[in-house]
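Single-structure report; data block below.
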Amino acid sequence: MTRTLLTNGKIRTLNPCQPTASAVAIKDGVFEAVGTDSEIMKLKDNDSQVIDLKKHTVIPGLNDSHLHVIRGGLHYNMELRWEGVPSLADALRMLKEQALRTPAPQWVRVVGGWSEFQFAERRMPTLDEINAAAPDTPVFILHLYDRALLNGAALKAAGITKETRDPPGGVVYRDRRGNPSGMLIAEPSALILYSTLAKGPTLSFEDQINSSRHFQRELNRLGVTSAIDAGGGGQNYPDDYKVIEELHKRGEMTMRIAYNLFAQKPGSEFDDFKRWTKMVKPGDGDAMLRMNGAGENLVWSAADFENFLQPRPRLAEDMDSELEKVTRLLVEHRWPFRLHATYDESISRFLNVFEKVNKDIPFDGLRFIIDHAETIRPHNIERIRALGGGIAIQHRMAFQGEYFVERYGATEAELTPPITEMLATGLPVGAGTDATRVASFNPWVSLYWMSTGKTLGGLTLYPESRRLDREKALYLYTKGSAWFSGEHEAKGAIAVGEYADLAVLSADYFSVPDEDIKAITSVLTVVDGNIVHGNRDFKTLAPPLPPASPDWSPVRSYSTLRHDVDIPRNIASHSSLKHGHHHHFCVSKSSSEPFWGPLGCGCFAF
């Protein structure tokens with residue numbers, strides 16, 4: 001295999017035995033040597049490829065420890081992304097343009113990854129604005145875990161009428177005459193949002209292949225080379241894994257994926273996992289696509305969505321027995337597992353179950369993950385450590401920290417999540433995004449959040465003592481995340497013998513001003529020793545990628561815009577937090593007022 005030599009760089013290896021270097025040699029998919037230019041050039045032979053890094057900063061490839069990448073790939077080409085769009089006016093213009101090019105019966109979908117606090121106007125779009133932008137094409141806009149906005153055409157396409165009943169845990173908001181307004185509210189369950197989204201048309205198999213390739217390439221552009229897929233609602237095994245398996249078979253994957261299996265139907269979770277233990281086992285696959293274990297949903301009764309516009313959800317009384325039954329099955333079969341857990345109160349009950357099972361069937365090094373853990377407290381951190389688990393954190397507070405402060409206060413927000421306390425115990429901690437339906441998949445927003453303590457809207461959540469220095473934040477996104485797929489000895493550092501996964505950055509992450517972190521991309525991304533993305537000085541090295549399909553895909557029109565536009569800098573923190581009053585984010589089903597009417601503040605008005 002041809003040897004590749006990368007020279008003249010500023011390499012931050014994250015290898016404590018050799019923290020920096022200027023050159024690397026890559027052969028057979030791993031780092032063959034790491035050192036100075038002169039040392040590495042001694043390995044050059046007639047077949048070697050030599051790439052001048054032109055003094056760019058180089059880091060290990062980023063690894064998102066909680067990303068819904070397989071499901072996201074199936075839909076990516078259908079979605080209009082508002083990541084980084086600086087104003088609501090721009091977002092509405094994009095919406096109008098996309099509605100005109102989207103053929104019936106397809107929908108225009110804006111599915112997560114944005115916050116109203118990123119907009120210069122600092123507000124949500126109104127239903128009137130959405131209907132004016134797209135009077136005839138169905139539009140579905142998802143906002144975090146708390147609501148969806150539908151225009152009139154989407155209400156009709158989804159079959160939502162005056163006679164439609166509110167589902168458990170959700171509200172169809174209505175006008176004074178009882179007609180659906182276009183607002184769907186999670187109260188607190190997000191199932192009303194996702195079940196409605198699922199009514200939209202899907203792509204053909206070949207378009208899903210193309211869509212998944214484009215999504216992976218977009219992640220490569222951001223320096224992501226690995227992800228641990230956390231399953232997801234509507235992601236059934238094995239049917240919804242045929243696309244990623246076909247990509248793997250064709251050799252068209254451009255990032256490493258370790259995937260978890262997610263229980264799909266309330267009441268049949270145990271049967272699902274029992275069936276799956278006979279079909280597949282952790283470790284099946286290879287270094288590019290491999291099975292990782294169970295979760296993030298083990299039983300539906302344990303779901304505690306972090307909708308900070310609503311009170312903390314109360315878990316069902318039978319949750320403990322249901323979770324225990326599934327946990328016993330997984331531990332007996334030595335399946336690593338992960339569990340969605342937002343609140344400390346929920347985590348206490350989950351750990352009670354895990355400790356009970358551990359007494360009968362010792363975990364004995366079996367890897368398990370608590371996902372999210374925004375309000376976990378020291379006692380439960382220690383319990384996780386004692387059982388041999390880890391915590392995967394995400395930057396969800398960067399998108400809804402303002403809401404958390406409104407409900408629980410700034411002091412409580414300082415500990416949400418308590419990353420420094422987790423690290424102080426020696427607990428494995430990995431970083432990620434929880435994209436694609438809530439937060440953005442952009443890892444640089446996460447790294448910005450961890451190192452500055454700020455939301456997208458500029459609100460400072462954490463004092464300096466609770467922020468991570470940039471190298472520690474990067475460590476969580478590389479070597480830290482590798483633990484969660486059992487690959488911490490194989491990747492996460494630029495070190496001899498580890499996977500040759502790296503990103504050459506557009507700017508020096510370690511020295512740029514804080515607000516510039518969010519705009520960093522990769523100009524050259526390498527996975528398994530192969531170049532999977534190139535831009536700027538390295539554009540000619542970029543491998544070919546077919547155009548996004550179908551031809552009306554928003555990716556064709558707006559991918560370049562997203563690459564060039566960044567969230568506006570130096571936005572002041574949310575005005576209501578400065579002028580001293582408080583919103584009460586509550587909705588009465590019987591209210592005759594528009595959704596935001598009871599709030600008494602113009603800064604959130606439609």
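Of the possible donor and acceptor atoms, one in the side chain of S211 sits under 3.5 Å from a partner among the backbone N and O of G73. Of the possible polar contacts, one joining the H395 side chain to the S440 backbone as a donor-acceptor pair under 3.5 Å is found.
R367 and N292 share a side-chain donor-acceptor pair at under 3.5 Å. Under 3.5 Å, the side chains of H66 and D434 contain a donor-acceptor pair of N or O atoms. Side-chain contact check for T455 and E402: at least one donor-acceptor pair (N or O, by modelled atom type) lies under 3.5 Å. In summary, the side chains of T433 and D64 do present a donor paired with an acceptor at a separation below 3.5 Å, with no hydrogens or angles considered. For the 3.5 Å distance criterion, the side chains of N352 and R383 qualify, holding a donor opposite an acceptor. A side-chain N or O of W449 and one of Y462 form a donor-acceptor pair less than 3.5 Å apart. One side chain, S348 or N380, offers a donor N or O that lies under 3.5 Å from an acceptor on the other.
Checked against E116 for a side-chain hydrogen bond (donor to acceptor under 3.5 Å, both in side chains), the options R123, H143, R122 give a single hit: H143.
We find that D364 and R334 are not joined by a salt bridge, their nearest charged nitrogen and carboxylate oxygen being 4.0 Å or further apart. Between E382 and R385 there is a salt bridge, since at least one side-chain N of the basic residue sits less than 4.0 Å from a carboxylate O of the acidic one. The pair E515-K518 meets the salt-bridge criterion, since a charged nitrogen lies less than 4.0 angstrom from a carboxylate oxygen. With salt bridges taken as basic N to acidic carboxylate O contacts below 4.0 Å, one links R328 and E324.
A cation-pi arrangement, defined by a distance under 6.0 Å to the six-membered ring centre and an angle within 45 degrees of its axis, is absent between R290 and Y259. Taking the ring axis of Y475 as reference, the NZ or CZ atom of K479 does not stay both within 45° of it and closer than 6.0 Å to the ring centre.
Aromatic pair F399/Y145: centroids not less than 6.0 angstrom apart. In this structure, the ring of Y509 has its center less than 6.0 angstrom from the ring center of W444. Under the 6.0 Å cut-off for aromatic ring centres, F117 and Y403 qualify, their centroids lying closer than that. Aromatic pair H68/F441: ring centres not closer than 6.0 Å.
Put simply, the side chain of L476 reaches to within 4.5 Å of the side chain of L423, judged on heavy atoms.
Residue pairs meeting the salt bridge (Lys or Arg N to Asp or Glu O under 4.0 Å) criterion with at least one partner in residues 420-429, sequence neighbours excluded, are E421-R466. Among residues at least two apart or in separate chains, salt bridge (Lys or Arg N to Asp or Glu O under 4.0 Å) pairs with a member in residues 295-310 are E306-R396.
By the side chain to side chain contact (heavy atoms under 4.5 Å, CB included) test, D320 is found to be paired with R349, V353, residues two or more places apart in sequence or in another chain being considered. Residues satisfying the salt bridge (Lys or Arg N to Asp or Glu O under 4.0 Å) test with D272, not counting sequence neighbours, are R275. Taking E332 as the reference, I361 meet the side chain to side chain contact (heavy atoms under 4.5 Å, CB included) condition, with sequence neighbours excluded.
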Please list, one pair per line, the donor and acceptor atoms closer than 3.5 Å that link side chains of residues 408-419 to other protein atoms, with sequence neighbours excluded.
| residue | atom | partner | partner atom | Å |
| --- | --- | --- | --- | --- |
| E412 | OE2 | R377 | NH2 | 2.5 |
| T416 | OG1 | E412 | O | 2.9 |

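Taking the six-membered ring where the residue is Trp, W276 and Y237 present perpendicular rings, their angle passing 60° and hence far from 30°. Classified by interplanar angle (parallel below 30°, tilted 30° to 60°, perpendicular above 60°), the ring pair F337/F368 is parallel.
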